[in-house]
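Convention: sequence-line order gives letters A, B, ...; per-chain numbering from 1. Atoms considered below: every heavy atom in the structure, side chains included; atoms not considered: hydrogens, waters and symmetry mates.
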Amino acid sequence: MATDALPTPADEDVPSQRYSGLLAGEIEARWQARWAAEGTFVVPRTVDVGPGGKFFLMDMFPYPSGSGLHVGHPLGYIATDVYGRFLRMCGVRVLHTLGYDAFGLPAEQYAIQTGTHPRATTEANIERYRAQISRLGLAHDPTRSVATTDEAFYRWTQWIFLQIYNSWYDEAAGRARPIAELAAAYEAGELATPDGRSWVELSADEQAAALDARRLAYRAEVPVNWCPGLGTVLANEEVTVDGRSERGNFPVFRRELTQWMMRITAYADRLLDDLDDLDWPASVKAMQRNWIGRSEGALIRFPAGEVEIEVFTTRPDTLFGVTYMVIAPEHELVDRIVPGSWPAGGDPRWCAGAATPREAVAAYRADVAAMSERDRQAEARPKTGVWTGAYATNPATGEPVPVFIADYVLAGYGTGSIMAVPAHDQRDFELARALDLPIRPVVAAGDGRDRLDASAWPDAYVGDGELVNSAGASVSLDGLRVAEAKRVVTEWMASAGVGRATVTYKLRDWLFSRQRYWGEPFPIVYDEGGRAHALPASMLPVTLPDLDDYRPRSADPDDGASEPEPPLTRASDWVEVTLDLGDGPRRYRRETNTMPQWAGSCWYELRYLDPCDEQRFVDPELERFWMGPQRPGDPGGVDLYVGGVEHAVLHLLYSRFWHKVLFDLGEVSSREPFRRLFNQGYIQAYAYTDRRGVHVPAEEVVERDGAWWYGDEPVRRSYGKMGKSLKNSVSPDEMCDRYGADTLRLYEMSMGPLDVSRPWDTRAVVGSLRFLQRVWRNLLDETTGEATVVDAPADAGTERLLHSTITAVRGELEHLRFNTAIAKLIELNNHLTTIGGPVPLCVAEPLVLMLAPFAPHAAEELWSRLGHTATLAHEPFPVADPAKLVAESATYPVQVDGKLRATVTVPVDAGEEAVRAAALAAVTGWVEGRDVVKVVVVPGRIVSVVLGKG
RNA sequence: GCCCAGGUGGCGGAAUCGGCAGACGCGGAGGUCUCAAACACCUCUGACCGCAAGGUCGUGCGGGUUCGAGUCCCGCCCUGGGCACCA
């Protein structure tokens with residue numbers, strides 16, 4: 001096709017001042033330059049504020065990826081901008097800016113792919129993002145933007161790490177305290193040292209070890225998620241349910257490795273309880289509760305020869321129903337209880353045909369190890385297990401119970417061991433059936449099954465009921481209900497010294513080190529004895545050294561036995577340092593792990609308050625002003641935080657944890673970082689594949705006869721994410737070029753409620769352009785660009801509509817319902833089009849002001865052409881006059897037997913009788929010959945006439 | 001399996017202290033302007049019946065409450081998301 005044959009619009013046919021994409025582009029560039037030059041959106045670093053109050057408004061900051069933005073990315077940014085502009089016009093001091101989350105794996109991987117240094121690609125990506133975002137006309141304070149990769153920023157990330165490192169959790173006080181106070185407490189004898197000796201008896205190394213063991217940031221050899229494909233270990237939160245990395249989808253292996261951990265579990269209860277005080281979506285709260293996974297139960301010790309097996313159970317009431325025990329296969333206790341040969345009394349089916357218990361255990365462990373994480377978690381997999389040859393003693397009955405290993409018991413939860421009650425636990429029931437273990441009911445089922453004989457039961461009985469078969473020498477539960485039995489047995493266990501009530505969590509401590517290059521270095525060095533030392537704050541920042549080769553040592557993604565090797569170990573000049581940490585210059589080795597991507601985002605909201613502060617990470621006065629609690633019970637925090645739901649348990653849990661540590665240490669006055677959270681939906685798109693399964697450009701696909709065609713070829717349609725590889729990506733730049741940023745903003749806001757995902761439809765964008773065009777045409781001459789408004793009063797109908805629109809738009813904006821607010825503005829403007837003639841100034845001005853949050857450039861331009869010289873950014877948002885809302889007549893729909901039959905119009909002050917009479921008169925044809933049983937008049941609403949039967 | 005959302009025209013969506021279902025926009029049909037068009041303008045546009053006036057049906061399905069139900073209650077179905085051998 002010859003493109004030069006395309007018709008070009010003749011210039012003289014289109015009025016020169018018609019609001020087109022081209023004109024919009026010119027207006028937008030001009031106003032953006034003016035806002036920048038005048039510092040319109042710069043917020044002073046002072047804490048005085050007018051009567052409108054303050055509002056700290058935030059978006060989840062972007063990760064500047066190499067592929068740039070598509071139209072879905074700025075959805076939330078536009079929404080917060082509209083809301084912020086509205087609040088500003090309501091006299092509120094609004095803090096709104098945007099930074100960049102620029103450390104992390106993807107930036108590093110992108111750098112490796114393109115062969116350039118991560119700093120270079122990161123900076124280029126940030127510039128690209130800035131350019132794309134600035135075209136949208138967002139009213140950010142440009143002086144408060146940060147990037148987590150800035151030395152001036154990560155200096156404070158390291159500083160906060162030091163605060164956490166130099167703290168311990170005082171369980172008695174329920175808060176973190178400086179580690180020096182722990183040393184003081186040990187020294188004063190207020191706290192017992194780990195081995196009971198007095199503090200002064202301990203060597204310096206022993207004292208240091210005792211403190212290190214309690215720090216909130218600590219090193220420990222723990223089972224970690226080793227991902228050879230990424231060359232690093234990962235946090236639990238970064239591993240998917242089928243045991244692969246969230247990034248890159250590589251296999252993840254469990255390995256014991258020494259790593260940096262954050263003691264987030266100390267905060268489990270507070271992280272859980274404080275959710276109640278947050279204005280967050282219920283789904284996010286539910287996900288966090290689920291992830292923390294608090295469960296109340298009891299720890300019970302079962303003697304087994306030389307050792308004791310401690311189990312965690314939520315059903316201590318079923319203690320008399322224990323018929324066997326299970327330990328996780330990898331549990332260290334297993335090797336200590338396995339006897340040399342099979343004792344008498346066991347069932348051959350428990351032994352898997354092995355000659356000795358040791359062989360049985362080894363074979364079972366080998367089977368488990370050979371299984372992939374996916375297989376292990378597969379649904380409906382039959383329960384397996386093998387006897388260890390050992391017996392333990394039920395502390396309530398004195399009975400011996402066989403001890404098994406089975407992979408349905410997880411080493412990482414509770415104590416890694418369970419008491420099996422097959423009658424009342426489905427998993428135990430399944431293994432009991434598989435190995436023909438006894439099943440002893442101790443809770444009388446109320447559902448018709450046999451209460452004492454489980455041989456015909458189809459499944460475990462997990463409901464409530466009366467305890468039976470539960471009387472021992474020192475305690476009896478018979479006759480009690482489950483809840484009561486739990487209480488009684490727990491009291492008995494405590495007095496008998498065999499167990500106690502406890503709480504466990506699914507939440508694990510946060511694995512905080514990564515074997516990657518592109519992250520914050522730890523402010524930690526090791527002495528020649530291998531002991532860790534924190535650097536003093538005066539030595540911060542510890543800057544990331546330049547490296548020629550920043551790649552992780554590549555390992556086979558499937559080789560779980562490979563070793564992580566941080567790239568920073570290669571920076572030998574950087575690693576080996578001589579420092580004076582208070583006892584003269586000595587040689588040290590730097591920590592070569594880096595922090596995970598989440599570190600910077602754990603506290604960036606605080607840095608927005610003053611990114612230039614070189615004395616502190618945040619000024620306490622600014623923090624109190626912008627984030628402090630507003631009333632008793634208020635946790636404080638950012639007033640509105642908008643972002644996607646994908647960070648429900650990662651970023652949002654980690655940042656709450658860091659914030660609480662800072663709160664405990666007195667560094668911030670708010671105990672939560674984000675008071676209100678709003679999850680925006682996603683913009684999705686259709687993608688099309690041809691018969692080979694290859695994606696074709698979505699823009700060029702047409703619909704014909706209910707099918708989709710790419711040229712002459714039929715294509716298949718799918719729906720989902722927008723992405724370059726799917727060939728369905730639309731960039732904000734091309735939308736700005738074709739329609740202007742204001743049209744794009746308006747379109748994205750009118751697509752639907754902010755929290756709902758919706759499909760992108762480029763064809764529909766023109767509707768928003770038409771709206772702006774019509775507003776433009778109603779107020780200006782399309783040929784001359786002169787305002788056509790008149791300084792005359794509006795007619796009563798127009799005035800009433802204006803004021804009802806103001807009321808509605810304010811209400812919708814307050815609740816972030818931008819789509820319906822826009823619909824109201826369109827209705828008002830359509831009314832002005834319909835009545836024709838010049839628009840009165842007293843209608844034009846409020847219309848422009850109400851439009852301003854959505855389409856700020858067009859509104860500014862109209863405002864100036866209406867004769868104003870200053871920006872409208874701080875003009876008061878229109879306020880409705882209640883007196884102008886009153887109509888003189890009211891229209892009632894009239895129903896007869898529930899069906900709409902007529903409408904009547906009566907004076908607005910008509911009494912109920914008059915309305916009733918008018919309504920009946922309007923439906924005589926329907927009522928004729930029938931009895932009117934009842935007439936319901938709902939004032940201002942409706943009239944309902946009820947006829948008799950027949 | 002458990003938890004949380006949500007099912008309304010051809011499409012995105014309005015309307016929930018129960019009160020005219022389908023605001024607003026896209027798409028579609030017809031028309032205006034134009035040599036022709038367009039990101040212009042006007043009219044119509046839930047389905048069915050009817051020349052029309054008008055009527056009947058209609059908010060996932062089945063019941064119920066009510067003068068009146070998209071909205072409340074009971075029982076299902078489906079879709080999306082989260083969690084999932086957590087003792």
Side-chain angles (χ1 to χ4, degrees), chain A residues 7-10 13-15 18-22 241 281-287 289-291 293-295 297 311-315 318 326 376-381 383 406-410 412-421 425-428 430-431 504-506 645-646 648-649 703 706 738-739 743 746-747 750-753 755-774 777 782 817 819-827 830 833 891-903 933-936 938 940-947:
Chain A
T8 47
D13 288 351
V14 178
R18 168 163 296 169
Y19 186 83
S20 63
L22 203 66
V241 287
S283 61
V284 176
K285 289 189 186 186
M287 279 188 252
R289 287 196 183 101
N290 204 320
W291 189 260
R294 182 188 154 100
S295 115
V311 301
F312 172 74
T313 179
T314 55
R315 291 295 302 277
T318 60
V326 185
R376 186 168 173 170
Q377 305 212 356
E379 226 169 299
R381 202 169 59 100
K383 295 278 177 293
D407 66 355
Y408 78 88
V409 171
L410 309 174
Y413 183 76
T415 62
S417 311
I418 61 150
M419 60 179 218
V421 186
D425 180 280
Q426 186 58 29
R427 296 152 302 189
D428 299 344
E430 287 169 22
L431 186 66
T504 54
Y505 304 89
K506 275 165 67 181
V645 75
E646 71 272 19
V649 289
E703 189 182 355
R738 279 168 69 180
Y739 302 102
T743 293
L746 210 40
Y747 173 66
S750 61
M751 290 169 83
D755 55 349
V756 172
S757 295
R758 62 307 286 278
W760 178 261
D761 182 7
T762 296
R763 286 182 313 175
V765 177
V766 69
S768 298
L769 178 68
R770 286 188 191 133
F771 166 52
L772 288 177
Q773 242 169 29
R774 285 196 295 266
R777 192 157 45 229
E782 282 193 325
R817 291 192 295 249
N819 54 327
T820 45
I822 292 168
K824 302 288 180 195
L825 291 175
I826 295 174
E827 282 184 272
N830 285 352
T833 306
T891 300
Y892 283 84
V894 184
Q895 291 180 346
V896 178
D897 280 343
K899 295 198 171 155
L900 181 73
R901 296 303 183 191
T903 56
V933 173
K934 189 168 159 190
V935 179
V936 181
V938 184
R941 285 286 192 183
I942 201 168
V943 181
S944 186
V945 179
V946 188
L947 302 181

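Under 4.0 angstrom from either OP1 or OP2 of B/A14 there lies at least one side-chain N or O belonging to A/Asn819. Residue A/Arg774 places at least one side-chain N or O under 4.0 Å from the OP1 or OP2 atom of B/G25. Put simply, A/Arg770 has a side-chain N or O that comes within less than 4.0 Å of OP1 or OP2 on B/C26. A close approach under 4.0 Å does not occur between any side-chain nitrogen or oxygen of A/Arg289 and OP1 or OP2 of B/C4. The side chain of A/Lys285 contributes no N or O atom lying less than 4.0 Å from OP1 or OP2 of B/A5. Neither OP1 nor OP2 of B/C24 sits under 4.0 Å from any side-chain N or O of A/Thr820.
Within 4.0 Å of A/Ile826, counting heavy atoms only, lie sugar-phosphate atoms of the nucleic acid but no base atom. Across all strands shown, A/Ser757 has heavy atoms under 4.0 Å from sugar-phosphate atoms exclusively, and none from any base. Residue contacts for A/Lys383: at a heavy-atom cut-off of 4.0 Å it reaches a base atom on one of the strands shown. Residue A/Arg817 is out of contact with every strand shown, counting any heavy-atom pair closer than 4.0 Å. Within the nucleic acid shown, A/Thr833 comes within 4.0 Å of sugar-phosphate atoms alone, with no base atom in reach, counting heavy atoms only. Residue contacts for A/Ala823: at a heavy-atom cut-off of 4.0 Å it reaches a base atom on one of the strands shown. Across all strands, A/Glu827 comes closer than 4.0 Å only to sugar-phosphate atoms, never to a base (heavy-atom distances). When heavy atoms are screened at a 4.0 angstrom cut-off, A/Val938 is found touching base atoms of the nucleic acid. Among the heavy atoms of the strands, none lies under 4.0 Å from A/Pro281. Looking at heavy-atom distances under 4.0 Å, A/Val894 makes no contact with the nucleic acid at all.
Closest to the side chain of A/Asp407, out of B/A40, B/C85, B/C20, is B/C85. Looking at the side chain of A/Asp425, the nearest of the listed nucleotides B/A87, B/C24, B/C67 is B/A87. Comparing B/C67, B/C20, B/G13 by their nearest atom to the side chain of A/Val756 picks out B/G13. In this structure, the nucleotide among B/C26, B/C85, B/G13 sitting nearest to the side chain of A/Arg758 is B/G13. The listed nucleotides are B/G27, B/G13, B/G19; the one nearest the side chain of A/Val936 is B/G19.
Between A/Ser295 and A/Tyr413, the shortest heavy-atom contact is OG-OH, 3.3 Å. Between A/Arg774 and A/Thr833 the shortest heavy-atom distance is CD-OG1, 4.5 Å. Listed here is the closest heavy atom pair of A/Leu947 and A/Val933: C-CG2, 3.6 Å. Nearest approach of A/Met751 to A/Arg758, heavy atoms of both residues: CB-NH1, 3.3 Å. Residues A/Val311 and A/Met419 approach most closely at CG1-N, 3.6 Å, considering heavy atoms.
A/Leu746 CG to A/Arg770 CZ: the interatomic distance, rounded to the nearest 0.5 Å, is 13.5 Å. Within the model, atoms CD1 of A/Ile942 and OG1 of A/Thr903 stand 11.0 Å from one another, a figure rounded to the nearest 0.5 Å. One finds the OH atom of A/Tyr408 at 3.5 Å from the CG atom of A/Asp428 (value rounded to the nearest 0.5 Å).
Taking atom P in both B/G54 and B/G6, one finds a spacing of 39 Å when rounded to whole Å. When the P atom is used for both B/C33 and B/G10, the distance is 34 Å, rounded to whole Å. B/G70 and B/G18 have their C1' atoms separated by 10 Å, given to the nearest Å. Comparing the same atom, P, in B/U71 and in B/G19 gives a spacing of 10 Å after rounding to whole Å. Spacing of C1' atoms, B/A69 relative to B/U8, comes out at 14 Å, to the nearest Å. Comparing the same atom, P, in B/C72 and in B/A84 gives a spacing of 32 Å after rounding to whole Å. As rounded to the nearest Å, B/G50 and B/A38 have P atoms that lie 35 Å from one another. The gap from the C1' atom of B/A14 to that of B/C24 amounts to 7 Å, rounded to the nearest Å.
Rounding to whole angstrom units, CG of residue A/Leu900 and P of B/G54 are separated by 12 Å. Atom-to-atom, CE of A/Met287 to C1' of B/C2 comes out at 15 Å; the value is rounded to the nearest Å. Rounded to an integer number of Å, the gap from CG of A/Asp897 to P of B/A69 is 12 Å. Counting to the nearest Å, the C1' atom of B/A84 and the NZ atom of A/Lys506 are 7 Å from each other. Separating the CG atom of A/Leu22 from the C1' atom of B/A38 is a distance of 15 Å, rounded to the nearest angstrom. Rounding to whole angstrom units, CZ of residue A/Phe771 and P of B/G12 are separated by 23 Å. Between the CG atom of A/Leu825 and the P atom of B/A14 there is a distance of 16 Å, rounded to whole Å. Atom CG of A/Leu769 and atom P of B/A40 are 7 Å apart (whole Å).
With salt bridges taken as basic N to acidic carboxylate O contacts below 4.0 Å, one links A/Asp761 and A/Arg763.
Comparing A/Gly416 and A/Asn290 along RNA chain B, the residue whose closest nucleotide (by nearest heavy atom) sits nearer the 5' end is A/Asn290. Closest-nucleotide positions on RNA chain B for A/Phe312 and A/Val765 were compared, and the one nearer the 5' end corresponds to A/Val765.
The local environment of NZ in A/Lys383 is crowded, with over 12 non-hydrogen atoms from other residues, nucleotides or ligands closer than 6.0 Å. Atom CG of A/Leu22 has 12 or fewer neighbouring heavy atoms from other residues, nucleotides or ligands inside a 6.0 Å radius.
With a glycosidic angle more than 90° from 0, B/G10 adopts the anti conformation.
Put simply, the side chain of A/Ser283 and the base of B/C4 share no donor and acceptor less than 3.5 Å apart.
Annotated stems with RNA chain B as a participant read B:1-7 with B:77-83, B:10-12 with B:24-26, B:27-32 with B:40-45, B:46-49 with B:54-57, B:60-64 with B:72-76, given as range with range, by first number; only runs of 3 or more Watson-Crick or G-U pairs under 3.5 Å qualify.
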